[in-house]
Structure formats: C-alpha cells, structure tokens
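From a predicted model like this one, the values you see are computed outputs, not experimental measurements. Just so we're on the same page: letters track the sequence lines, and every chain starts at 1.
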Number of protein chains: 2
Amino acid sequence: MSLPHALLTALLEHPCSGLELAARFERSIGYFWHATHQQIYRELARMEGEGWISGEAAGEGRGGKKRYQVLAAGRRELKAWASREQDPAPHREALMVRLRAEAVLGGTRVADELLRRLALHQGQLAHYQALEARDFLADGSPDDRAARIQHLILKAGIQVEQLWVDWCAEALDLLAEPAPAATKRRR
Amino acid sequence: MSLPHALLTALLEHPCSGLELAARFERSIGYFWHATHQQIYRELARMEGEGWISGEAAGEGRGGKKRYQVLAAGRRELKAWASREQDPAPHREALMVRLRAEAVLGGTRVADELLRRLALHQGQLAHYQALEARDFLADGSPDDRAARIQHLILKAGIQVEQLWVDWCAEALDLLAEPAPAATKRRR
DNA sequence: ACAACCATGTAAGTAGTTACATGATTTA
DNA sequence: TAAATCATGTAACTACTTACATGGTTGT
C-alpha cells in the first residue's frame with residue numbers, strides 16, 4: 001500500500017492540513033497517485049496512531065484546520081518503504097474491453113467514447129505541459145537533483161498522455177475507415 | 001465495473017471454462033485487463049444468476065469442468081455497456097511515489113527498483129512483439145475489421161511497454177549522474 | 001497407491017468509492 | 001441572517017487480493 005507513503009512524502013515537502021493534501025493530490029502530486037479526501041483523513045488518523053506524523057489543531061473542537069508534520073518514525077518508515085521491491089499494478093483499461101466488444105459484436109458507440117477520451121487526454125497533456133513550462137523550463141528554474149527527479153516524473157505524465165492522444169487518434173481513424181473486404185493477405 | 005463484460009467478450013470469442021478464462025487473461029486478453037481465477041469464478045456464478053451466460057458441467061459433482069456460453073441477455077448487456085461513457089481509472093504508480101521520496105529524503109535504493117522494472121518492461125515488450133509478429137504481421141494474417149481492432153489494442157500494449165522501457169533508462173541515467181551543483185540557471 | 005496437477009470453489013482481509021453528516025468561517 | 005464554502009469526519013459498499021479447501025484426473 002502506497003497511500004500513506006505518498007502522504008508522508010507530500011507532508012515532508014510541505015506540512016499542511018488534510019484538505020490541502022487532497023487539493024495537492026488533485027494537482028501536481030497526483031499525476032501518478034490519486035486519493036479522495038475521505039481516504040486521506042482516514043489514513044492521516046491511522047498514521048498519527050502509528051506515530052509517523054503529528055497533527056496540531058489550529059482551532060478547538062470539530063471544524064478546525066489541522067497541520068500535520070512528519071515525525072522521525074515517519075521518515076524512517078518512508079525511507080525503508082522507498083527501497084522495497086514492488087511489482088507494477090496490473091493494467092485495467094475498460095476502453096480496451098469496450099473495443100474488443102466492438103470487434104466481436106459491432107454496432108456499439110465506442111467511437112464517441114474514443115472522441116471523449118481524446119479530448120480528456122489532450123486536456124491533461126496541455127495542463128502538464130503548462131506545469132513543465134512554469135516549473136522546469138523557465139529561466140531561473142531550479143536544477144538540483146530533487147528538481148530533476150520531479151521533472152522526470154512530470155515527463156512520464158506528459159509522455160503517457162501524449163501516447164493516449166496519438167493512440168486515440170489512430171483508433172478513430174481505424175473505426176472511421178470504410179469496412180475493408182475481409183480478405184487475407186497473399187503469401 | 002468491467003470484469004463481467006471482459007468475460008462476456010472472451011466467452012463470445014470462444015466459449016470455455018473458468019480456468020481457461022483465467023489462463024487467457026494471463027495471456028493475450030490481459031494486456032489491459034487482469035483477473036485472478038477466484039474473481040473469475042465468483043463473477044461467472046453471478047453472471048449465470050443474472051441469466052447472461054449458461055454453464056454446462058461436463059462431469060458430475062465438484063471438480064468437473066464447466067463450459068460457459070453467452071446467452072442473448074448477455075449479448076444485450078455487453079452491447080449496452082460497450083456504448084456507455086466511463087472516465088479512465090486514475091493512475092496509481094507506486095514507483096513515482098518512491099522516486100518522489102528519493103527526491104525528498106535521498107539515500108534510498110530506488111535505482112535497484114528501476115533496474116528491475118526496466119527488465120520487466122523489456123520482457124513484456126518482447127512478449128507482445130512476438131505476439132504481434134505471429135498474429136498480425138505474418139503472411140496470411142487476417143486483416144478484417146475485428147483483426148485490425150485487436151491489433152490496435154496490442155499496439156497500445158507495445159507502445160506502453162516501450163514508453164516505460166525508455167523512461168526507466170532515462171531515470172537510471174539521471175540517478176547515476178554525479179550530483180550536479182545546486183545552481184540556478186541564469187536568465 | 002501416491003504424487004502432481006487440473007478445476008472449482010470458500011473465507012477473510014485490504015484498498016478504494018460513494019453518499020452523507022456536521023461544525024466553522026466567509027460573503028451577500 | 002441566510003447561503004456558500006471550508007474543513008473534518010462516518011458509514012456502507014464494491015472490487016480486488018491472499019490464503020486455503022476440496023474433489024477429480026493423469027502419470028509412475
């Protein structure tokens with residue numbers, strides 16, 4: 001499980017409250033990890049129980065903002081976890097299942113869905129490219145080891161989105177083509 | 001949820017038993033969907049209850065192989081589902097969290113993990129390329145609409161693996177570099 | 001007859017999602 | 001003072017994973 005460790009990393013970069021974490025996950029941190037505020041609150045409480053972080057409530061009672069900080073035990077845990085082996089999560093792309101269903105059945109409206117996906121990925125791509133221009137390509141951008149690693153992660157996001165943009169376009173071409181005669185190639 | 005629809009598609013392509021489905025998911029069907037045999041059995045039972053498929057037991061009692069076939073209601077369900085909208089699942093790449101932790105803490109062994117991942121993706125890539133050569137590039141390969149769609153899906157798998165192979169190599173380069181002085185670029 | 005494997009299944013646990021509840025602060 | 005929004009949380013549910021159980025078939 002990686003959510004607590006994603007939270008530890010984010011809190012080390014900048015201590016903040018639960019909702020701020022959720023907002024940061026929506027934005028930059030979240031190219032490759034996602035979490036809702038419900039998950040985040042539950043996990044923060046668990047991590048505080050483990051002694052990995054400590055949270056100071058600003059106001060009294062419920063509704064007050066808390067600021068979480070990483071404790072020494074949290075740093076140790078993160079460091080140990082970061083060196084562990086873990087196989088990549090198996091792919092689960094429902095769009096591919098839909099396409100396979102179209103291949104078998106025909107007559108579905110996957111093309112509409114491909115168009116929608118194309119637009120989504122184009123939007124994400126533009127967003128990531130804007131972040132790259134602002135944070136890593138501008139004059140005076142930091143160029144230390146940490147910045148280079150963060151840039152590398154962002155570049156992975158950009159490349160993935162670019163891949164899906166190109167692939168969706170190719171898929172739409174294929175589906176738009178006049179159905180070819182079901183011939184076999186000659187040897 | 002897409003697992004039942006992935007199963008319907010697979011059963012339409014070729015009716016078979018639960019364990020055969022699991023084996024097929026390990027192989028070609030599974031570039032973009034994964035399921036264990038436990039999940040598959042549970043889902044098959046549920047789908048039979050819904051009247052989407054019917055399973056004939058070859059032998060009597062427990063331990064006998066069953067052959068499942070898709071019923072008319074199953075076809076209808078699959079067709080309706082294939083036309084539905086669905087946003088892509090959010091990314092969850094623990095490796096990126098590890099890299100971010102390395103950027104913040106330093107001193108982890110992520111490089112080892114990157115090497116391992118590089119080898120994994122190279123292996124998958126070679127496997128998919130072999131499938132492509134065998135099923136879609138050989139003389140006499142079918143070239144109808146269904147085959148083109150299946151090829152398109154395989155190409156997505158190849159492109160994704162290629163992306164990660166290249167990206168892991170770049171990441172390893174970066175981590176191997178002598179730490180640069182923490183300078184800022186001049187404007 | 002025993003081992004190895006094939007095939008189907010049960011049970012318990014984890015991670016993530018969706019829907020809702022509640023108090024505090026800001027804005028009209 | 002009412003509405004909107006910020007911030008924290010609970011509860012129920014779904015999908016997936018891991019570990020184990022059980023019977024049947026094949027090979028030596």
Can you check nucleotides 3-5 of chain C for protein contacts, nitrogen or oxygen pairs under 3.5 Å, and list what you find?
none

N-O pairing of A:Arg117 and A:Glu93 below 4.0 Å: yes
Please check the phosphate of D:dT8 (OP1 and OP2 only) for any side-chain N or O of A:Tyr41 closer than 4.0 Å. yes
Specify the separation, in whole Å, of atom CD of A:Glu48 and atom C1' of D:dT8. 13 Å
Separation of C:dT18 atom C1' from B:Asp87 atom CG, nearest Å, is 15 Å
Flag the pair B:Leu175 / A:Ile149 as yes when at least one side-chain heavy-atom distance between them is below 4.5 Å, and no otherwise. yes
Any chance CZ of A:Arg24 has more than 12 other-residue heavy atoms, nucleotides or ligands included, within less than 6.0 Å? yes
When the distance from CD of B:Gln86 to P of C:dT18 is rounded to whole Å, what number comes out? 10 Å
Taking atom P of C:dC6 as reference, at what distance in whole Å does atom CD of B:Glu26 sit? 14 Å
If you look at every heavy atom in A:Ala146 and B:Ala103, which pair is closest and at what distance? CB-O, 3.7 Å
Below 3.5 Å between N/O atoms, which protein atoms pair up with nucleotides 14-18 of chain D? Just atom names and distances, please.
{"residue": "D:dC16", "atom": "OP2", "partner": "B:Gln39", "partner atom": "NE2", "Å": "3.0"}
{"residue": "D:dC16", "atom": "O5'", "partner": "B:Gln39", "partner atom": "NE2", "Å": "3.2"}
{"residue": "D:dC16", "atom": "O3'", "partner": "A:Arg92", "partner atom": "NH2", "Å": "3.3"}
{"residue": "D:dT17", "atom": "OP2", "partner": "A:Arg92", "partner atom": "NH2", "Å": "3.4"}
{"residue": "D:dT17", "atom": "OP2", "partner": "B:Gln39", "partner atom": "OE1", "Å": "3.2"}
{"residue": "D:dT17", "atom": "O4", "partner": "B:Arg42", "partner atom": "NH2", "Å": "2.8"}

Which atom pair, heavy atoms only, marks the closest approach of B:Leu8 to B:Gly74? CD1-O, 3.6 Å
Spacing between B:Tyr68 atom OH and C:dG9 atom C1', to the nearest angstrom: 10 Å
Describe, in one word, how the ring planes of B:His5 and B:Trp81 are oriented to each other, choosing from parallel (under 30°), tilted (30 to 60°) and perpendicular (over 60°). parallel
According to the interplanar angle, ranging from 0 to 90°, do the rings of A:Phe136 and A:His151 count as parallel (below 30°), tilted (30 to 60°) or perpendicular (above 60°)? parallel
Check the distance between D:dT8's P and A:Glu56's CD and give it to me in whole angstrom. 14 Å
Applying the side-chain hydrogen bond (donor to acceptor under 3.5 Å, both in side chains) criterion to B:Glu161, which one of B:His127, B:His121, B:Gln124 satisfies it? B:His121
Interatomic distance where CG belongs to A:Leu7 and P belongs to C:dA15 [whole Å]: 13 Å
Sidechain N-carboxylate O distance under 4.0 Å for A:Glu50, A:Arg46: yes
Rounded to the nearest angstrom, tell me the gap between atom CG in B:Leu21 and atom P in C:dG9. 12 Å
